[in-house]
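Report on the following structure.
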Amino acid sequence: MKIWPDRIEWSKPGRTTVANVLLVILAVYTVALSLLIPACRPRFKEQGRQMLAMRAVQSVASQRDGLHTAVAVVAGATTIAFRVPHGQAEQIETLIRDLVLGNHPAAQK
């Protein structure tokens, strides 16, 4: 996740190495060569990027979520939750809130 003065960008994670290994084992186990070839292709670390304009953000909140903290950004009828380490959650929430309200130096023109 990257936070800019005018937008928030994030990417959908690609398959992990564990997922690729499991697909190879599945392909070998079922002797399906058609599954083995796509599973061995190199995967990108991210499958796609998404962006949310800062002016669309209506509210931001955080909540503990197991080993991480979920920072929830509400924009219209959509709530997007970003799982971040506990130590960074309050900083991220404050940064987004300040950018939305125009209190952050980067948001002032």
Side-chain angles (χ1 to χ4, degrees):
M1 173 173 70
K2 293 182 182 179
I3 301 173
W4 302 92
D6 62 338
R7 66 191 183 278
I8 301 172
E9 292 182 353
W10 69 96
S11 61
K12 293 172 46 179
R15 277 198 292 217
T16 62
T17 304
V18 174
N20 283 335
V21 169
L22 290 175
L23 283 174
V24 169
I25 291 171
L26 177 66
V28 170
Y29 182 73
T30 58
V31 192
L33 189 58
S34 62
L35 286 176
L36 181 62
I37 293 171
C40 292
R41 288 184 303 187
R43 299 289 179 196
F44 298 105
K45 290 189 178 186
E46 54 186 48
Q47 290 184 344
R49 297 198 58 79
Q50 296 181 353
M51 189 267 304
L52 174 65
M54 200 60 74
R55 66 179 177 269
V57 174
Q58 294 174 338
S59 69
V60 60
S62 63
Q63 180 179 354
R64 291 183 79 79
D65 183 23
L67 298 175
H68 295 87
T69 299
V71 176
V73 178
V74 178
T78 304
T79 301
I80 304 162
F82 300 102
R83 294 184 69 203
V84 298
H86 294 307
Q88 295 178 357
E90 185 177 340
Q91 296 170 347
I92 292 172
E93 183 181 358
T94 303
L95 176 62
I96 294 172
R97 186 174 290 124
D98 287 345
L99 287 169
V100 169
L101 296 174
N103 297 335
H104 194 275
Q108 298 171 355
K109 294 180 182 179

Applying the 4.5 Å side-chain criterion to the ILVMFWY set and letting contacts propagate, would Val71 and Met1 be lumped into a single cluster?
-> yes
Search all heavy atoms of Ala61 against all heavy atoms of Glu93 and return the closest pair with its distance.
-> CA-OE2, 3.7 Å
Over 12 foreign heavy atoms within 6.0 Å of CG, Leu101 = yes
In Å, rounded to the nearest 0.5 Å, how long is the span from OG of Ser62 to CD of Gln91?
-> 12.0 Å
Whether over 12 other heavy atoms sit under 6.0 Å from Gln58 CD = yes
Minimal non-hydrogen separation, Ile96 against Met54, with atom names = CG2-SD, 4.3 Å
Might you confirm whether atom CD of Gln50 has over 12 heavy atoms from other residues, nucleotides or ligands at distances under 6.0 Å?
-> yes
Here the pair of heavy atoms bringing Leu52 nearest to Ala56 is CD1-CB, 4.2 Å
Measuring from Ile8:CD1 to Leu95:CG, what's the distance to the nearest 0.5 Å?
-> 8.5 Å
Which heavy-atom pair separates His86 from Thr69 by the least distance, and what is that distance?
-> ND1-OG1, 2.5 Å
Scanning both residues in full, the closest heavy-atom pair of Leu99 with His104 reads CD2-CB, 3.8 Å
Minimum heavy-atom distance between Arg83 and His68, given as atom pair plus value = NH2-ND1, 3.3 Å
